[in-house]
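Atoms considered below: every heavy atom in the structure, side chains included; atoms not considered: hydrogens, waters and symmetry mates.
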Amino acid sequence: MVIPLYNCLALTQAMLESLRATLPSGLAHEIIFVDDGSTDGTREWLKNLSPSNGSATPGAPFRVVLNEQNLGYAVANNRGAALARGEFLVLLNNDLVLLPHWLEPMLAAHRALRERAGPIGNVQLDARTGAIDHAGIVINRQGKPEHARTLPPRSQRLFTSLRRVPAITGACLLIERALWQKLGGFDASFVNGGEDVDLCFRARAAGYDTAVALRSIVRHHVSSSAGRKAHDEQNSYRLARRWRAEFIADSRDATRSWCRDYLRAALAEPRSAEHALARRALLHASHLSRTPPAEALADLEAGLAREFARWEAMFPDVARASGP
């Protein structure tokens with residue numbers, strides 16, 4: 001377990017308590033805290049931890065890494081993962097509340113995917129409201145990654161316990177340590193955002209699937225660290241420059257949304273609907289066709305082009321350096 005820390009001591013203590021209460025009995029594991037320059041008493045608390053009172057089980061390996069300055073989420077996780085010795089890495093944010101049986105479905109999803117198993121995530125509920133905050137990351141109508149906040153229909157969940165998605169959040173992520181090493185961990189050029197999506201797309205480019213374990217549920221105090229969103233636009237621009245073509249190719253959630261909107265408009269004004277397009281939209285929206293109408297893709301590409309124009313105006317130096 002790799003747990004990066006930056007302040008929020010009370011949340012860290014509650015998270016550790018929930019971790020101790022929910023890990024399967026007898027599970028061989030290690031807990032690696034990486035403090036990224038906390039100033040709120042977290043470091044003093046870490047000094048007082050010992051294997052008997054700080055680990056999930058008495059005598060379990062327990063280590064602390066202290067960064068002398070705040071180096072960011074990617075570097076903190078990379079430093080912790082470099083010390084890990086187990087078969088799996090589990091990245092955990094310090095603002096999670098882990099619920100019973102959160103880990104077992106993630107391991108089961110990994111086994112189900114066999115040799116194609118890449119990063120595995122789970123369902124995350126907003127700790128304040130109980131609403132679904134994360135059921136995977138999908139590409140939206142602007143061609144950008146966003147959290148899926150709905151589950152597959154209950155009838156579908158009766159027959160499958162996992163959902164393949166373009167990406168997952170790093171807040172609660174399981175991955176084979178060998179694959180993490182093969183991929184090189186998180187790209188530290190992302191600053192507190194985007195590194196998890198980038199990791200998933202690199203895994204998928206290497207032939208691995210990213211999935212959500214639908215029966216694993218945790219609670220998450222979303223974006224509790226100060227300054228968490230400060231670099232969102234830069235991170236989004238970097239992601240889109242690197243994965244623009246893949247975002248378009250992985251956009252079925254967005255194109256199905258476009259199709260549903262088109263069909264609603266066609267029902268409201270049936271004489272204005274183009275019947276062949278309505279048929280293609282219905283097939284795609286109903287998951288009977290994986291191929292979206294060209295009009296849906298054009299709408300997505302136009303949305304992404306608008307985002308690029310906005311980013312290029314915000315970051316002209318980056319735009320000039322990246323070239324045409």
Side-chain angles (χ1 to χ4, degrees), residues 1-5 11-34 49 51 54-63 77 80-81 83-114 116-127 130 132-137 147 151 157 160-165 167-181 185-186 196 199-200 203 208-222:
M1 315 285 169
V2 176
I3 308 169
L5 309 177
L11 292 178
T12 299
Q13 292 170 326
M15 181 269 176
L16 180 57
E17 183 178 349
S18 71
L19 177 62
R20 296 175 67 183
T22 58
L23 281 178
S25 176
L27 177 74
H29 67 281
E30 56 190 352
I31 298 172
I32 303 171
F33 279 123
V34 184
L49 288 178
S55 296
T57 55
F62 177 81
R63 281 175 285 175
N77 275 290
L83 296 178
R85 296 167 294 193
E87 179 183 358
F88 293 101
L89 291 173
V90 180
L91 310 185
L92 298 171
N93 277 16
N94 70 321
D95 56 357
L96 295 173
V97 179
L98 299 163
L99 302 178
H101 308 296
W102 65 273
L103 180 58
E104 295 92 324
M106 297 178 77
L107 291 168
H110 189 280
R111 288 193 299 271
L113 291 172
R114 299 183 181 181
R116 291 189 61 87
I120 306 296
N122 60 5
V123 178
Q124 298 177 17
L125 309 180
D126 187 309
I132 295 173
D133 178 68
H134 173 272
I137 293 175
H147 284 204
L151 296 174
R157 283 181 277 143
T160 181
S161 59
L162 63 85
R163 176 190 200 181
R164 289 176 176 84
V165 290
I168 56 172
T169 177
C172 186
L173 182 152
L174 179 146
I175 186 171
E176 270 191 279
R177 186 164 63 93
L179 178 56
W180 172 272
Q181 293 171 334
F186 284 146
D196 43 11
L199 178 78
C200 293
Y208 298 90
D209 289 337
T210 299
V212 170
L214 296 171
R215 294 171 188 164
S216 170
I217 301 174
V218 301
R219 293 183 178 270
H220 187 196
H221 293 277
V222 182

I'd like to check the side-chain contact (heavy atoms from CB on, under 4.5 Å) partners of Ser161; sequence neighbours left out, ordered by chain and number.
Arg215
Using a 3.5 Å distance criterion without hydrogens, assess whether the side chain of Arg219 forms a donor-acceptor pair with backbone atoms of Val97.
no
Go through Leu92 and Val2 one step at a time and tell me if the side chain to side chain contact (heavy atoms under 4.5 Å, CB included) criterion holds.
CA-CA 6 Å; Leu92 298 171; Val2 176; over 6 Å; no
Return the set of residues passing side-chain contact (heavy atoms from CB on, under 4.5 Å) with Ile217 (not counting sequence neighbours), or none when no residue passes.
Leu99, Val123, Leu125
Any donor-acceptor pair under 3.5 Å from His147 side chain to Gly136 backbone
no
What's the spacing between Cys172 SG and Met106 CE if we round to 0.5 Å?
4.0 Å
Mind checking the CD1-CG spacing from Ile175 to Leu91? Nearest 0.5 Å is all I need.
8.0 Å
Shortest non-hydrogen contact between Leu113 and Ala211, atoms and distance:
CD1-CB, 3.9 Å
If you measure from CD1 on Ile3 to CG on Leu19, what distance do you get to the nearest 0.5 Å?
5.5 Å
Output, in order, the C-alpha distance, side-chain angles, deciding distance and verdict of side chain to side chain contact (heavy atoms under 4.5 Å, CB included) for Leu103 and Leu174.
CA-CA 9 Å; Leu103 180 58; Leu174 179 146; 4.0 Å; yes
Can you tell whether the side chains of Glu30 and Arg85 come within less than 4.0 Å, N to carboxylate O?
yes
Can you find a side-chain donor-acceptor pair between Asp95 and His220 that sits under 3.5 Å?
yes
Going by heavy atoms in the side chains, are Asn93 and His221 under 4.5 Å from each other?
no
Between the side chain of Arg63 and the main-chain N/O of Phe33, is any donor-acceptor distance below 3.5 Å?
no
For the student: nearest non-hydrogen atoms of Thr22 and Ser18, plus distance:
OG1-O, 2.8 Å
For Ala135 and Leu151, work out which heavy atoms get closest and say how close.
CB-CD2, 3.9 Å
Mark yes or no for whether His134, through its side chain, and Asn122, through its backbone, hold a donor-acceptor pair below 3.5 Å.
yes
Backbone of Thr169 reached by a side-chain donor or acceptor of Asp196 within 3.5 Å
no
Count the heavy atoms belonging to other residues, nucleotides or ligands that lie under 6.0 Å from CD of Gln13, then report whether that count exceeds 12.
yes
By ring pair (Phe, Tyr, Trp, His ring centres under 6.0 Å) - contacts of Phe88 (at least two apart)
His110
